[in-house]
*Asks:* 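Quick one: structure below, then a few questions.
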Amino acid sequence: FELNTAKKILSNSRSALLASIGVGMQFSDLRSGEFNEFVDQADPIFNSDEFPQYRFTFSFGFGYTWKNLTVGLSMPAFAKTESNLNPIYIQNTFYKYEVSEDIVIHPQLLLLGSDVKSVTGELSARAEYKEKVWLKAGYRSSSTFVGGLGVMVSGIEIGYAYNAFFQEFNAVVPANHNINLTFRIIPGGPEAAGRKYQLD
């Protein structure tokens with residue numbers, strides 16, 4: 001769960017600079033009954049009091065839009081309550097291509113980094129219909145297929161994402177499923193918001 005707020009710092013008819021900060025809470029737990037044969041269930045961590053875990057996280061991000069091109073950088077878990085620094089970052093570049101009045105396609109390049117792996121690249125495309133429905137498909141350098149779909153109604157977005165792993169990693173983690181529920185609160189209502197910008 002995370003609460004974010006974003007603000008335009010500079011804006012004109014062709015470009016805009018935005019900044020965002022956020023605070024959230026994470027919950028982690030282990031369901032040992034679902035482990036496969038690759039997991040050593042004799043590991044002492046499964047008999048410790050480390051799980052379940054609750055922690056607060058703090059995030060920030062910046063985004064710059066020039067015409068139809070947007071570049072963003074965010075650190076979704078810059079700091080946690082149990083550590084001084086958690087260097088996870090997401091660098092996002094995407095282009096807005098208007099196929100028609102109703103259909104918009106966003107080709108997108110993502111760079112993700114963490115203390116587990118320094119750089120992971122993702123090349124994908126997201127198609128939107130009337131800013132109500134979207135579909136996404138792409139590929140990550142970690143031999144991962146990425147797909148997703150979602151609906152947006154009155155400031156509420158429900159999204160589903162599926163990550164399928166290829167090669168030898170597929171035997172350990174066959175796939176990841178993610179469900180996101182996003183509420184957008186815009187001061188003055190949608191008409192006051194003008195053009196929509198994306199940071200992550």
Side-chain angles (χ1 to χ4, degrees), residues 2-24 57-80 85-150 152 155 157 159-163 176 178 180 182-187 190 192-200:
E2 187 173 33
L3 178 64
N4 283 285
T5 181
K7 176 70 175 179
K8 288 183 181 179
I9 301 175
L10 298 172
S11 178
N12 56 45
S13 60
R14 303 178 64 184
S15 64
L17 176 65
L18 298 93
S20 172
I21 58 173
V23 60
T57 62
F58 305 91
S59 64
F60 74 90
F62 294 95
Y64 180 75
T65 295
W66 182 74
K67 293 184 177 179
N68 289 336
L69 180 67
T70 297
V71 179
L73 174 66
S74 64
M75 297 190 74
F78 172 71
K80 295 181 179 179
L85 178 64
N86 188 42
I88 298 175
Y89 71 87
I90 301 174
Q91 196 284 314
N92 183 17
T93 302
F94 70 91
Y95 184 80
K96 180 180 179 181
Y97 176 69
E98 298 181 358
V99 179
S100 66
E101 185 176 344
D102 297 331
I103 300 176
V104 177
I105 296 179
H106 297 283
Q108 182 172 251
L109 174 64
L110 272 173
L111 296 176
L112 304 96
S114 70
D115 47 5
V116 177
K117 188 173 182 180
S118 57
V119 179
T120 299
E122 176 186 309
L123 185 62
S124 63
R126 169 170 162 158
E128 294 182 3
Y129 177 71
K130 291 186 175 181
E131 294 190 349
K132 300 292 185 182
V133 180
W134 60 265
L135 296 172
K136 177 181 177 179
Y139 179 80
R140 288 184 180 176
S141 60
S142 55
S143 298
T144 307
F145 166 78
V146 181
L149 56 89
M152 299 172 284
E157 179 176 338
Y160 166 77
Y162 175 80
N163 297 349
N176 281 343
N178 300 289
N180 293 323
T182 304
F183 299 89
R184 291 186 173 90
I185 303 173
I186 303 171
R195 186 177 177 181
K196 184 179 71 175
Y197 298 95
Q198 181 175 335
L199 290 177
D200 57 6

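Please read all numbers here as calculations on a predicted model, not as lab measurements.
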*Asks:* State, yes or no, whether a side-chain contact exists between H106 and E128 at a heavy-atom distance under 4.5 Å.
*Replies:*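 Sidechains of E128 and H106: in contact.
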
*Asks:* Assess the residue pair Q91 and T93 against the criterion (side-chain contact (heavy atoms from CB on, under 4.5 Å)); give the C-alpha distance rounded to whole Å, side-chain angles, the decisive distance to 0.1 Å, and a yes or no.
*Replies:* CA-CA 7 Å; Q91 196 284 314; T93 302; 3.2 Å; yes

*Asks:* So, S142 side chain and R140 main chain: donor-acceptor pair closer than 3.5 Å or not?
*Replies:*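 No; judged by distance alone, with no hydrogens or angles, the pair does not exist.
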
*Asks:* Are the side chains of P76 and I88 in touch, meaning some heavy atoms are under 4.5 Å apart?
*Replies:*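 P76 reaches I88 side chain to side chain.
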
*Asks:* Atom OH in Y89, atom OG in S74: separation rounded to 0.5 Å?
*Replies:*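 Interatomic distance, Y89 OH to S74 OG, rounded to 0.5 Å: 11.0 Å.
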
*Asks:* Has I185 got more than 12 heavy atoms of other residues, nucleotides or ligands less than 6.0 Å from its CD1?
*Replies:*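 Atom CD1 in I185 is not crowded, with 12 or fewer foreign heavy atoms closer than 6.0 Å.
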
*Asks:* What is the distance from atom CG of L17 to atom OH of Y64, rounded to the nearest 0.5 Å?
*Replies:*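 Answer rounded to 0.5 Å: 8.0 Å.
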
*Asks:* List for me each residue that meets side-chain contact (heavy atoms from CB on, under 4.5 Å) alongside L149, sequence neighbours excluded, and say none if there are none.
*Replies:*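 side-chain contact (heavy atoms from CB on, under 4.5 Å) check on L149 returns L135.
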
*Asks:* How far apart are the closest heavy atoms of G148 and W134, and which atoms are they?
*Replies:*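 In this case the closest contact between G148 and W134 is C-CZ3, 3.6 Å.
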
*Asks:* Measure the NZ-CD distance between K130 and E101 for me, rounded to the nearest 0.5 Å.
*Replies:*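 It comes to 8.5 Å.
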
*Asks:* If we only count heavy atoms from C-beta on, is the E157 to N180 side-chain gap below 4.5 Å?
*Replies:*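 Not touching, per the 4.5 Å side-chain cut-off.
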
*Asks:* Quick one: pull up OG in S59 and CG in N4 and give me the separation to the nearest 0.5 Å.
*Replies:*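 One gets 4.5 Å once the value is rounded to the nearest 0.5 Å.
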
*Asks:* Closest heavy-atom contact between W66 and S15?
*Replies:*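 So the minimum-distance heavy-atom pair works out to CD1-CB, 4.0 Å.
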
*Asks:* Just checking Y160: does its OH atom have more than 12 heavy atoms from other residues, nucleotides or ligands closer to it than 6.0 angstrom?
*Replies:*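 For Y160, atom OH is crowded (more than 12 foreign heavy atoms under 6.0 Å).
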
*Asks:* Any non-hydrogen side-chain atom of L123 less than 4.5 Å from a side-chain atom of Y139?
*Replies:*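 No, too far: nothing below the 4.5 Å cut-off.
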
*Asks:* Quick one: closest heavy-atom pair of L111 and G121, and the distance?
*Replies:*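 L111 and G121 have their closest heavy atoms at CD2-CA, 4.1 Å.
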
*Asks:* How far does NZ of K136 sit from OH of Y162, to the nearest 0.5 angstrom?
*Replies:*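 Going from NZ on K136 over to OH on Y162, the span is 15.5 Å.
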
*Asks:* Nearest 0.5 Å please: distance from the NZ atom of K96 over to the OG1 atom of T70.
*Replies:*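 The distance works out to 9.0 Å.
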
